[in-house]
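Working notes for the structure below.
Computed over heavy atoms, backbone and side chain alike; hydrogens, waters and symmetry mates excluded. We count residues from 1, following the sequence as given.
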Amino acid sequence: MNNFTEWATKQKRILIDSSMSTGLEERGLNLNGKLWTAKALKDHSDLIKDVHKSYFNAGSSMTTIDTYQASVSGLMKNAGYSHREARKLIQKAFNVAKNAQKLSRNYPTWLAAGIGPYGAYLANGSEYTGNYNLTENEYIQFHKERIEILVKAGIDVLLLETLPNFQEIKALVKFTKQFNIPSIVACSMKDTTHLADGTNFKFVQSFLEKQANVIAYGLNCTDPRIVTNALKVIINNEPEHKDLIAFPNSGAHYNPKIKEWDNQGISIEGFNKLVQEWLNIGLKYIGGCCCMSEQQTASINEHFF
């Protein structure tokens with residue numbers, strides 16, 4: 001049992017951070033492009049550090065390293081970096097988060113490796129559909145270097161996030177078993193009962209419950225208005241379930257053609273009402289995703305922690 005797992009087992013609930021993209025956009029960056037938040041790693045790491053620090057100071061116990069879109073393949077193909085440069089940028093993402101952690105007023109705090117899906121690399125919105133098909137080995141080879149770099153750097157937990165494709169989930173979980181690092185799996189959902197690729201979630205859940213390296217699972221970047229019912233389905237499927245995680249978006253809608261959100265989400269107060277529902281039915285890890293802000297994190301911390 002690593003330090004994070006030991007700590008997490010003693011907590012009734014855990015607050016994680018919210019959107020890196022919103023934080024960077026609020027600091028003046030235009031992230032429209034195939035690298036999304038990873039675009040900031042080269043020239044704006046000071047802003048990334050400030051976002052991490054602000055989430056910690058707002059009450060978050062865990063921040064997600066800015067590597068969701070920063071796969072080695074993505075950095076090379078979508079931005080023209082060399083293999084060596086791509087590896088260095090992933091290491092830099094860890095170092096930036098580590099430096100922010102040292103400046104935080106909150107304690108203890110933890111660093112999660114943000115591992116986005118193959119669909120994020122495609123940059124066509126398929127992280128919300130799961131509409132791609134690779135072999136198990138191809139999935140592993142795509143994710144391998146990024147994960148190995150971050151594990152060697154010293155991350156506390158692997159956050160396998162916004163995963164829409166069941167075959168990719170199985171390949172990732174299988175690959176990460178070799179590390180003495182726990183994994184949390186957050187899925188991209190089509191609706192309350194199906195993964196984004198159409199797989200009935202009970203099959204995904206049955207698989208994850210059997211994996212010793214997976215300490216928690218759930219959903220993210222999903223409309224918050226479906227989370228309550230989705231959690232009820234999960235709990236009904238497996239009454240003796242592992243810890244659950246939810247960090248939905250604001251309820252805004254994403255346009256993959258222009259790579260922007262309409263930002264017509266619910267209010268901070270409206271989100272908090274939903275948070276109360278989720279906590280009442282047993283949610284442990286709570287945070288936010290796209291279009292969610294440090295203000296929302298601070299409000300959740302104030303009302304529920």
Side-chain angles (χ1 to χ4, degrees), residues 4-5 7-23 51-52 54-65 68 104 106-114 156-163 182-189 192 201 205 208 214-235 238 241-252 265-305:
F4 175 79
T5 305
W7 173 82
T9 58
K10 299 175 183 177
Q11 310 305 309
K12 181 179 179 182
R13 56 186 63 155
I14 295 170
L15 180 59
I16 66 175
D17 63 6
S18 291
S19 172
M20 173 61 68
S21 60
T22 301
V51 174
H52 284 309
S54 295
Y55 278 125
F56 279 140
N57 290 342
S60 172
S61 294
M62 186 173 90
T63 196
T64 305
I65 296 167
Y68 173 87
S104 166
N106 198 10
Y107 182 84
T109 54
W110 309 92
L111 302 182
D156 299 302
V157 59
L158 290 161
L159 181 57
L160 314 177
E161 57 176 323
T162 327
L163 298 182
S183 292
I184 296 175
V185 178
C187 299
S188 176
M189 303 293 286
T192 59
F201 197 71
Q205 187 176 2
L208 294 174
V214 176
I215 62 170
Y217 62 85
L219 59 159
N220 79 292
C221 215
T222 299
D223 191 313
R225 288 160 286 213
I226 76 163
V227 172
T228 299
N229 287 337
L231 290 174
K232 288 179 179 178
V233 169
I234 290 171
I235 293 168
E238 294 279 355
H241 55 80
K242 293 183 177 183
D243 290 336
L244 301 178
I245 186 169
F247 52 112
N249 57 47
S250 69
I266 62 177
S267 66
I268 288 177
E269 294 76 14
F271 193 87
N272 282 349
K273 289 181 180 179
L274 294 174
V275 169
Q276 184 66 71
E277 293 181 8
W278 307 335
L279 295 175
N280 286 347
I281 59 178
L283 184 67
K284 181 161 183 173
Y285 294 84
I286 175 68
C289 203
C290 295
C291 302
M292 302 295 286
S293 66
E294 300 146 30
Q295 290 76 22
Q296 183 74 68
T297 299
S299 182
I300 295 172
N301 183 53
E302 178 184 355
H303 288 89
F304 304 106
F305 286 82

Could you check if a side-chain atom of Ile235 sits within less than 4.5 angstrom of a side-chain atom of His241, using non-hydrogen atoms only? yes
If only atom types and distance count, is the side chain of Asn106 paired as donor or acceptor with the main-chain N or O of Ser60 below 3.5 Å? yes
Test side chain to side chain contact (heavy atoms under 4.5 Å, CB included) applied to Leu219 and Val227, step by step: CA-CA 8 Å; Leu219 59 159; Val227 172; 4.0 Å; yes
Taking the side chain as C-beta and beyond, is there a heavy-atom pair between Asn220 and Ile245 under 4.5 Å? no
Lys12 versus Lys284, closest heavy-atom pair with distance: O-CG, 3.7 Å
Over all atoms of both residues, closest heavy-atom pair of Leu159 and Ala112: CB-CB, 4.1 Å
Closest approach of Ile65 and His52, non-hydrogen atoms and distance? CA-CE1, 4.1 Å
Side chains of Leu111 and Thr63, heavy atoms from C-beta outward: is any pair under 4.5 Å? yes
Side-chain heavy-atom pair Ile16, Ser61 within 4.5 angstrom cut-off: no
Atom pair CG (Leu158) and OG (Ser183), whose distance is rounded to the nearest 0.5 Å: 4.5 Å
To the nearest 0.5 Å, how far apart are OG in Ser21 and CE in Met292? 11.5 Å
Minimum-distance pair of heavy atoms, taken over all atoms of His303 and Ser299: ND1-O, 2.8 Å
Nearest 0.5 angstrom please: Met20 CE to Tyr68 OH, how far? 14.0 Å
Please lay out, stage by stage, how Ile184 and Val157 fare under the test side chain to side chain contact (heavy atoms under 4.5 Å, CB included). CA-CA 7 Å; Ile184 296 175; Val157 59; 4.0 Å; yes
Is the backbone of Ser104 close enough, under 3.5 Å, to the side chain of Asn57 for a donor and an acceptor to pair up by distance? no
For the residue pair Trp110 and Trp7, categorise the inter-ring angle as parallel (less than 30°), tilted (30 to 60°) or perpendicular (more than 60°). tilted
Looking at Phe271 and Gly287, what are the two nearest heavy atoms and their distance? CZ-O, 3.9 Å
Which value, rounded to the nearest 0.5 Å, describes the distance between Thr192 atom OG1 and Lys232 atom NZ? 11.0 Å
Take Gln276 and Asn280 through the side chain to side chain donor-acceptor pair (under 3.5 Å) test and state the conclusion after the steps. CA-CA 6 Å; Gln276 184 66 71; Asn280 286 347; 2.9 Å; yes
Donor-acceptor side-chain pairing of Thr297 and Ser18 below 3.5 angstrom: yes
Would you confirm whether Tyr55, through its side chain, and Ser19, through its main-chain N or O, come within 3.5 Å as a donor-acceptor pair? yes
Spacing of CD1 belonging to Ile226 relative to CE belonging to Met189, to within rounding of 0.5 Å: 6.5 Å
Gln205 side chain vs Ile234 backbone, donor-acceptor pair below 3.5 Å: yes
Determine whether Leu208 and Lys242 make a side-chain contact, defined as any pair of heavy atoms from C-beta on separated by less than 4.5 Å. no
From Cys187 SG over to Leu160 CG, what is the distance, rounded to the nearest 0.5 angstrom? 9.5 Å
If you define the side chain from C-beta out and look only at heavy atoms, does anything of Asp17 sit under 4.5 Å from Glu294? no
If you apply the rule side chain to side chain contact (heavy atoms under 4.5 Å, CB included), what do you find for Leu244 with Trp278, and how did you get there? CA-CA 10 Å; Leu244 301 178; Trp278 307 335; over 6 Å; no
When you compare the side chain of Phe304 with that of Leu15, does any pair of heavy atoms fall below 4.5 Å? no
So which heavy atom on Ala8 is nearest to which on Ile14, and how close? CB-CD1, 3.9 Å
